[in-house]
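Position 1 is the first residue of the sequence; numbering continues from there.
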Amino acid sequence: MSPRPAGTDPRDLLLVVAALGVAAFATGVGPRPGGAAWDVVYDVVLYHVAWVAGGLACWLTARRAPREALGWWALGSTLLLATVGNVARIIETGQAGTTPSVVGDACVTVAYAFLYVALFVFIRARVPRFLPSMWLDGVIGALGTAAVGIGFLLGPYLTGAGTVSYLQLAWPAADVLLLALLAGVGAILGVHLDRTLLLVSASVAFICVADVALFLLSVAGSYSDGGPLELVWLAGVLCAGIAAQRTAGDPEPREEGHGVRISWRLVALPLAGALAALTVLAAGYGEQLPDSAGWLAVGCVLAVLARTAVTFREVRSFQAVRQEARTDELTGLPNRRALLETARTVVAAATTTHPAALLLLDLDGFKEVNDSLGHGAGDQLLCQVGPRLAPALRDGEVLARLGGDEFAVLLPDTDLDGAAERAGIVHDLLRQPFVVDGIRLHVGVSIGVSTAPVPADDVQELLRCADVAMYSAKTERTGVHVYVPDPSSGSGERLRTMEELRTALVADELDVHLQPQVAMDDGRVVGVEALLRWHHPVRGLVGPGAVLPAAEQAGLMRPLTDTVLERSLDAVAQWWDEHRVPVSVNLSAANVADLDLPAKVAAKLARRRLPAAALTLELVEDTLMADPERGRTVLGELRRLGVRTSIDDYGTGYSSLAYLRRLPADELKLDRSLTADVDTDERAAAIVRHTVALAHDLGLSLVAEGVEDLVTAGRLASLGCDVAQGYAIARPMPVGDLLPWLAGHRASAVRVGD
């Protein structure tokens with residue numbers, strides 16, 4: 001809510017009026033001019049100006065706090081009804097105080113009812129759900145306060161020591177109950193610094209205390225109008241006015257779980273209520289105090305006992321929930337949260353002489369178990385990992401399931417050699433057959449090993465290094481891989497690059513340059529390839545050769561590819577309406593394995609109102625071969641969206657023709673190693689010629705990369721290549737340079753082979 005200009009809120013004026021009324025009456029507390037006219041001015045006009053102003057301010061506040069509107073209406077009505085009742089009493093009897101008055105007593109009765117409504121609404125707006133412990137705290141506070149009030153304030157009159165009627169005791173009894181309700185509210189919320197509730201509570205407390213004092217003075221025959229006691233009521237009115245003026249909207253509800261969190265703010269008032277009850281019992285109810293006070297005190301003590309039982313139950317439940325939150329539901333092993341909590345302590349205590357290590361495990365072939373035998377069999381297999389590795393664990397070591405088929409073993413006080421040796425033991429244990437549904441299954445495991453405090457000095461870095469090592473173990477099929485910073489990078493240059501790259505991803509330092517692709521038959525621009533560029537603050541413009549290895553080792557390929565994809569689609573959106581030229585973006589292995597990739601791509605295109613034809617996704621052949629089935633699924637979904645897919649660097653990987661036959665792709669990109677010597681080497685030309693024929697027979701177009709001169713371009717055109725990309729066409733350029741290049745090239749397009 002924006003701050004309102006000073007002086008524009010009518011409540012400010014009403015508060016000033018109320019304050020002036022209080023000040024004016026305060027001057028009359030002492031000697032005042034004699035005469036009936038002055039009595040009317042002081043007792044009727046000046047005294048009640050504050051009441052009326054405070055009531056109107058509360059009514060106006062109801063519009064600003066919709067959830068508390070009823071409470072503000074009730075509080076304002078209390079002040080205005082009290083005003084009507086006081087004025088009626090003065091007119092009817094000639095004096096205020098406790099003199100009976102039909103209209104005055106009726107108004108005051110309704111005003112008390114409105115006070116209860118106001119308190120209920122204010123607490124309900126702050127506590128959306130009452131826990132059993134909160135109810136008991138309120139009961140303890142209310143019963144303790146009521147026991148003291150009835151026992152020590154009203155007790156002498158209830159036991160016959162005083163000469164008053166039960167009708168006269170009705171008002172102070174109502175005040176005691178209101179004070180008990182206030183104590184209950186405070187016990188429920190704790191000593192919570194809620195400005196509005198504190199001021200409203202102070203207002204009610206001042207009014208109730210003044211009413212009780214009025215009763216005691218009236219019974220003693222020492223009350224007189226215009227005395228200092230009048231200022232206590234006005235203090236309550238002023239607190240209500242200030243609360244209304246300072247309220248700008250509805251309060252934020254209190255968080256649930258109040259009963260479990262222990263602090264002095266929460267136990268202060270319930271404890272005070274319990275002590276009050278014990279005080280009443282110690283004073284000897286039944287002899288000097290009324291029985292009602294004693295029973296209230298007994299009830300308070302019983303509520304304390306019930307609260308103690310609830311506290312034990314809540315603490316026990318909290319511990320059970322906490323244990324469940326730290327345990328993997330399927331395997332019963334510690335989960336990621338539990339591992340991280342323990343690892344923080346272990347890594348913080350690790351030194352170069354007493355290092356710590358982490359083994360990150362990923363089961364090989366687990367997907368095939370799920371696909372062939374079902375997820376139930378996969379779950380059985382996962383549940384056997386813990387018992388299989390338990391005998392190999394020492395005291396203090398933690399085996400946790402991180403999720404899916406990933407596990408981790410935390411090894412305190414273990415150096416790199418010891419961790420590698422333990423990883424070998426774990427690897428051998430998991431390679432032994434598992435029995436699932438009576439079937440013997442062999443699954444492999446890839447293990448990444450990392451240590452702290454070198455090279456990882458915190459838990460997240462330890463996990464990242466282990467993840468990088470695990471990925472290397474999986475891609476190299478070595479089983480175990482130990483993370484060691486690249487020595488060829490010199491003084492940790494690779495690590496520094498990795499950390500700087502993390503910053504670059506959020507600091508808008510990454511961009512793309514675009515290299516055109518042209519058709520060889522007529523020279524039209526048929527696409528552009530997005531090439532990553534890093535605007536490094538010190539090293540200048542850095543190409544993908546330095547960025548991609550660091551990103552892969554740091555596990556940043558997914559966010560890096562997402563950034564390149566965003567930049568590329570932003571670029572193509574600038575020219576798509578005028579030039580129907582799609583952009584090609586390279587995907588990493590992590591992206592190809594992401595089954596959510598098609599949905600993400602569709603969302604990015606829709607956000608820019610681009611058709612699927614505006615994007616081509618390039619995948620390296622080796623990446624596809626790492627997980628052919630998943631890669632084929634992802635490519636198939638992309639193709640159904642209408643996004644073209646391209647196999648990049650064809651001829652440098654596995655080149656599996658059987659896989660190529662089933663591959664849902666639209667084009668092949670010949671690697672520059674096959675096109676560089678095509679004009680001088682007939683063997684290279686023969687490879688290109690037959691690859692072109694193969695691509696065309698499979699319904700794929702063929703793009704020749706690395707076309708550095710027009711002679712090579714002409715030779716490739718004669719061999720049947722469809723599209724050329726390279727320096728002979730154009731160098732990669734920023735988006736701002738590409739737009740005029742596209743306009744100029746369209747006007748002068750010629751055949752590349754000419």
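- Heavy-atom minimum distance, Trp534 versus Ala504: NE1-CB, 3.4 Å.
- A donor-acceptor pair under 3.5 Å links the side-chain atoms of Thr331 to the main chain of Leu333, judged by distance alone.
- To the nearest 0.5 Å, the span separating CG on Leu565 from CG on Asn586 amounts to 11.0 Å.
- Taking CG from Asp415 and CD from Glu421, the interatomic distance works out to 9.5 Å, rounded to the nearest 0.5 Å.
- Taking every heavy atom of both residues into account, Asp405 and Leu363 meet most closely at OD2-O, 3.0 Å.
- The pair Arg644-Glu618 does not meet the salt-bridge criterion, since no charged nitrogen lies less than 4.0 angstrom from a carboxylate oxygen.
- Cation-pi geometry between Arg388 and Phe434 is met: the NZ or CZ atom falls under 6.0 Å from the ring centre, inside 45° of the normal.
- Put simply, the side chain of Gln515 does not reach to within 4.5 Å of the side chain of Gln517, judged on heavy atoms.
- Between Arg567 and Asp508, at least one side-chain N (NZ, or NE/NH1/NH2) sits under 4.0 Å from a carboxylate O, which counts as a salt bridge.
- Within 6.0 Å of CZ in Arg337 there are 12 or fewer heavy atoms belonging to other residues, nucleotides or ligands.
- The structure places CD of Glu529 at 6.0 Å from OG of Ser584, a figure rounded to the nearest 0.5 Å.
- Side chain of Glu397 to backbone of Arg394: a donor-acceptor contact under 3.5 angstrom is found.
- Atom CE of residue Met557 and atom OH of residue Tyr471 lie 8.0 Å apart, to the nearest 0.5 angstrom.
- Looking at Leu358 and Leu411, their side chains never come closer than 4.5 Å, going by heavy atoms from C-beta outward.
- With contacts defined as side-chain heavy-atom distances shorter than 4.5 Å, the pair Cys721/Val692 qualifies.
- Defined by atom type and a distance below 3.5 Å, a donor-acceptor pair is present between the side-chain atoms of Glu500 and His536.
- In this structure, OG1 on Thr645 lies 8.5 Å from CG on Leu700, to the nearest 0.5 angstrom.
- The nearest pair of heavy atoms linking Leu668 to Ala695 is CD1-CB, 4.1 Å.
- Remark: Glu329 does not engage Arg401 in a salt bridge, criterion side-chain N to carboxylate O under 4.0 Å.
- With sequence neighbours left out, His354 forms a side-chain hydrogen bond (donor to acceptor under 3.5 Å, both in side chains) with Asp413.
- Atom CZ of Arg344 has more than 12 neighbouring heavy atoms from other residues, nucleotides or ligands inside a 6.0 Å radius.
- The heavy-atom pair separating Asp458 from Glu461 by the smallest distance is OD1-N, 2.7 Å.
- A salt bridge links Arg607 to Glu566: at least one charged side-chain nitrogen sits closer than 4.0 Å to a carboxylate oxygen.
- Counting heavy atoms from C-beta outward, Leu373 and Asp437 have side chains that stay 4.5 Å or more apart.
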Does Leu382 form a side chain to side chain contact (heavy atoms under 4.5 Å, CB included) with Phe407? I'd like the steps, not just the answer. CA-CA 10 Å; Leu382 294 175; Phe407 295 81; 3.9 Å; yes

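- Minimum heavy-atom separation, Asn335 to Ala400: O-CB, 4.0 Å.
- Side-chain contact between Val703 and Leu670: absent, with no pair of heavy atoms (C-beta onward) separated by less than 4.5 Å.
- Among pairs with a residue in residues 355-365, those fulfilling salt bridge (charged side-chain N to carboxylate O under 4.0 Å, His left out) read Asp362-Lys474, Asp364-Lys474, at least two apart in sequence or across chains.
- The backbone N or O of Pro412 sits less than 3.5 Å from a side-chain atom of Thr414, completing a donor-acceptor pair.
- The closest donor-acceptor contact from the side chain of Thr478 to the backbone of His481 lies at 3.5 Å or more, if one exists at all.
- Residues Thr675 and Val707 have side chains not in contact (no heavy-atom distance under 4.5 Å, counting atoms from C-beta outward).
- Side chains of Leu510 and Leu505 form a contact here, defined as non-hydrogen atoms less than 4.5 Å apart.
- In terms of heavy atoms, Val480 sits closest to Val449 at CG1-CG2, 4.0 Å.
- Under the 3.5 Å distance criterion, the side-chain polar atoms of Asp648 are left unmatched by any main-chain donor or acceptor of Leu619.
- Atom-to-atom distance recorded for Asp511:CG and His535:NE2 is 4.0 Å, nearest 0.5 angstrom.
- At distances below 3.5 Å, at least one donor-acceptor pair connects side-chain atoms of Gln384 with backbone N or O atoms of Val435.
- In this structure, Glu705 does not pair ionically with Arg672, as no charged nitrogen and carboxylate oxygen lie closer than 4.0 Å.
- Under the 4.5 Å side-chain criterion, counting only non-hydrogen atoms from C-beta, Val583 is in contact with Leu514.
- Judged as a side-chain contact (heavy atoms from CB on, under 4.5 Å), and not counting sequence neighbours, the contacts of Arg683 are Asp681.
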